[in-house]
Amino acid sequence: MSFDLVFFGGTGDLTWRKLMPALFQAWRHGKLPAQGRILAVARDERTDDSYRQWLKDKLATVDDRAKRPTEDEFDRFATQVHYLRMDLSKPDDYQLLRQWLGGRSTDTVVMYLATSPHLFPVICEQLGAAGLNHPGVRVVLEKPLGHDLASAQAINEAVRAVFSERQALRIDHYLGKPSVQNLMALRFGNVLFEPLWRRESIANIQITLAESLGVGTRGDFYDRTGALRDMIQNHALQLLTMVAMEPPSSADADAIRDEKLKVLRSLKPFDAASVARDVVRGQYRAGTVEGAAVPGYLDEAKVPPGSATETFVALRCEIQNWRWAGVPFYLRTGKRLAHRHAEIVVNFRPTPHSIFPGTQTPNKLVIKLQPEDGLQLHLLAAKGAVGTEQTATQAEHLSPVSLNLDFDQAFPTVRVGAYERMLLDALAGRLNLFVRSDEQEQAWRWVEPILEAWRHDPSSLRPYSAGTWGPAAASALVARDGFSWTEES
Ligand code: BG6
């Protein structure tokens with residue numbers, strides 16, 4: 001297969017920190033067709049060679065050392081990398097792109113828009129005007145897609161005017177994480193869990209996306225965005241749809257996306273009163289994270305003084321359908337929390353009647369997204385020891401244990417990272433893991449009343465110390481229902 005993969009925003013952070021390392025990994029794994037060309041597009045004056053040199057220097061600094069290429073690897077990978085200078089607002093420059101692409105016949109052209117989303121409409125319009133929207137072209141749209149429902153709709157309208165829905169791939173890299181694939185396999189490839197996957201057996205579900213990092217160099221972007229838009233509207237809600245959806249009729253992209261959309265539509269809408277009761281927002285103050293002293297959000301570079309942007313959100317929501325009525329779903333995300341730690345925890349109900357007094361430990365299934373990637377099933381087991389005392393209780397012989405499945409160990413050679421997978425899917429036209437515009441708009445519709453309520457209630461922002469699990473109110477939110485977050489139980 002030959003392909004042309006064009007990165008708009010070719011010198012941006014996302015391109016060198018995530019996309020190019022992912023492509024390089026795909027190359028390393030022998031998954032990147034050798035006839036393919038990768039074109040970085042940006043405003044600066046550069047040649048192929050000077051761009052390659054720049055990229056080489058950048059890739060030598062990527063966070064994950066295992067993903068840094070050796071000199072020889074980079075040189076071989078870089079033969080597929082090219083550069084084109086373009087001013088994205090100038091129609092003539094799209095002719096340059098057309099000429100560059102037109103130089104040969106290619107099966108697939110993927111335009112990856114890794115730019116600020118305010119440029120998406122103009123880029124799509126100009127691609128259309130230059131005739132670069134034929135059926136072989138796909139466009140990948142990075143988040144954030146808008147900052148509210150109206151702006152997301154405006155972007156989608158501009159995209160739809162030029163590309164069909166099946167040509168427009170909205171990326172949510174959390175869906176590319178291996179554990180999320182495993183969640184699908186667990187639910188729909190096994191008979192064990194499905195009968196229990198409902199209100200009769202499940203007490204509550206918790207989704208935690210915790211980061212230990214702060215806002216880093218992205219203070220200005222983050223301050224306009226906040227945790228609700230950055231993580232909940234997309235990543236957390238997408239995970240929730242994967243946990244809660246009905247079994248799709250097939251593995252076809254639209255069969256899956258139809259079911260995910262139904263979940264989003266069934267989420268109980270918020271109003272001012274339920275936001276005040278069920279949503280906690282916080283902002284980090286100075287503290288200690290993993291042994292290092294770190295500044296508070298207001299002292300981060302490019303954050304305006306007195307900012308009221310939230311860096312933490314915890315919320316309780318409900319899905320109004322037969323399967324999930326009355327089961328609380330707790331979502332939580334934040335920067336500068338105690339550890340980098342993302343997981344989905346399914347807490348089962350206690351046994352209806354215990355014959356082992358004092359040993360109630362309800363079953364729990366933990367789907368770990370990161371830093372490790374695996375599944376843990378918590379069960380009650382007998383220790384196999386016999387007490388010497390006549391009075392030894394059952395509780396002394398029984399113990400909670402967990403069945404651990406570490407996917408990194410089970411499948412060490414085949415694991416691919418989220419962006420690597422999403423890029424290969426985009427090239428192959430596999431749409432299952434991309435978000436459809438109706439899902440994305442429905443997610444905005446659901447978070448908007450929260451944004452609205454916060455606008456009228458600035459006092460609801462609670463401080464928390466960096467290195468903790470967020471404001472105490474987040475624990476209270478769960479405790480009110482008689483539950484606790486996993487790390488507190
Ligand atoms: C991005 C957010 O979508 O996801 C970032 O914009 C966040 O703020 C990142 O840090 C987290 O992704 P991951 O894969 O590192 O958990």
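Owing to the predicted nature of the structure, the values given are computational and were not obtained by experimental measurement. Only heavy atoms go into these numbers, but all of them, side chains included; no hydrogens, no water, no symmetry mates. This chain uses plain numbering: 1 for the first residue, then up along the sequence. As the structure lists them, so they are numbered: ligands from 1, and atoms in each ligand from 1.
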**Report entry** All side-chain contact (heavy atoms from CB on, under 4.5 Å) counterparts of T468, not counting sequence neighbours
**Finding:** Y464, S465
Using atom types as modelled, flag every donor-acceptor pair under 3.5 Å from a side chain in residues 9-24 to any protein atom, sequence neighbours excluded.
{"from": "D13", "atom 1": "OD2", "to": "R17", "atom 2": "NE", "distance (Å)": "3.2"}
{"from": "T15", "atom 1": "OG1", "to": "G9", "atom 2": "O", "distance (Å)": "2.7"}

Query raised in the report: Do R455 and E452 meet the salt-bridge criterion of a basic N to acidic O distance under 4.0 Å?
Result: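 So E452 pairs with R455 through a salt bridge.
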Query raised in the report: Salt bridge check: are R160 and E441 linked by an N-O gap of less than 4.0 Å?
Result: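 Yes, this pair counts.
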Distance-only donor-acceptor hits, side chain of residues 259-270, under 3.5 Å, sequence neighbours excluded:
{"from": "E259", "atom 1": "OE1", "to": "K262", "atom 2": "NZ", "distance (Å)": "3.4"}
{"from": "E259", "atom 1": "OE2", "to": "K262", "atom 2": "NZ", "distance (Å)": "3.3"}
{"from": "K260", "atom 1": "NZ", "to": "Q238", "atom 2": "OE1", "distance (Å)": "2.8"}
{"from": "K260", "atom 1": "NZ", "to": "E439", "atom 2": "OE1", "distance (Å)": "3.0"}
{"from": "S266", "atom 1": "OG", "to": "K262", "atom 2": "O", "distance (Å)": "2.7"}

Requested in this report: May I ask you to decide if the ring planes of F483 and Y330 are parallel, tilted or perpendicular, using 30° and 60° as cut-offs?
Outcome: perpendicular
In a simple table, one pair per line, please give the protein and ligand 1 atom names for every N or O pair closer than 3.5 Å, along with the distance.
{"from": "ligand 1", "atom 1": "3 (O)", "to": "K143", "atom 2": "NZ", "distance (Å)": "2.7"}
{"from": "ligand 1", "atom 1": "3 (O)", "to": "H235", "atom 2": "NE2", "distance (Å)": "2.7"}
{"from": "ligand 1", "atom 1": "6 (O)", "to": "K143", "atom 2": "NZ", "distance (Å)": "3.1"}
{"from": "ligand 1", "atom 1": "6 (O)", "to": "R218", "atom 2": "NH2", "distance (Å)": "3.4"}
{"from": "ligand 1", "atom 1": "6 (O)", "to": "D230", "atom 2": "OD1", "distance (Å)": "2.6"}
{"from": "ligand 1", "atom 1": "6 (O)", "to": "D230", "atom 2": "OD2", "distance (Å)": "3.4"}
{"from": "ligand 1", "atom 1": "8 (O)", "to": "R218", "atom 2": "NH2", "distance (Å)": "2.5"}
{"from": "ligand 1", "atom 1": "8 (O)", "to": "D230", "atom 2": "OD2", "distance (Å)": "2.6"}
{"from": "ligand 1", "atom 1": "8 (O)", "to": "K335", "atom 2": "NZ", "distance (Å)": "2.8"}
{"from": "ligand 1", "atom 1": "10 (O)", "to": "E211", "atom 2": "OE1", "distance (Å)": "2.5"}
{"from": "ligand 1", "atom 1": "10 (O)", "to": "E211", "atom 2": "OE2", "distance (Å)": "3.4"}
{"from": "ligand 1", "atom 1": "10 (O)", "to": "K335", "atom 2": "NZ", "distance (Å)": "3.1"}
{"from": "ligand 1", "atom 1": "12 (O)", "to": "H173", "atom 2": "NE2", "distance (Å)": "3.2"}
{"from": "ligand 1", "atom 1": "14 (O)", "to": "H173", "atom 2": "NE2", "distance (Å)": "2.8"}
{"from": "ligand 1", "atom 1": "14 (O)", "to": "K177", "atom 2": "NZ", "distance (Å)": "2.6"}
{"from": "ligand 1", "atom 1": "16 (O)", "to": "Y174", "atom 2": "OH", "distance (Å)": "2.5"}
{"from": "ligand 1", "atom 1": "16 (O)", "to": "Q370", "atom 2": "NE2", "distance (Å)": "2.7"}

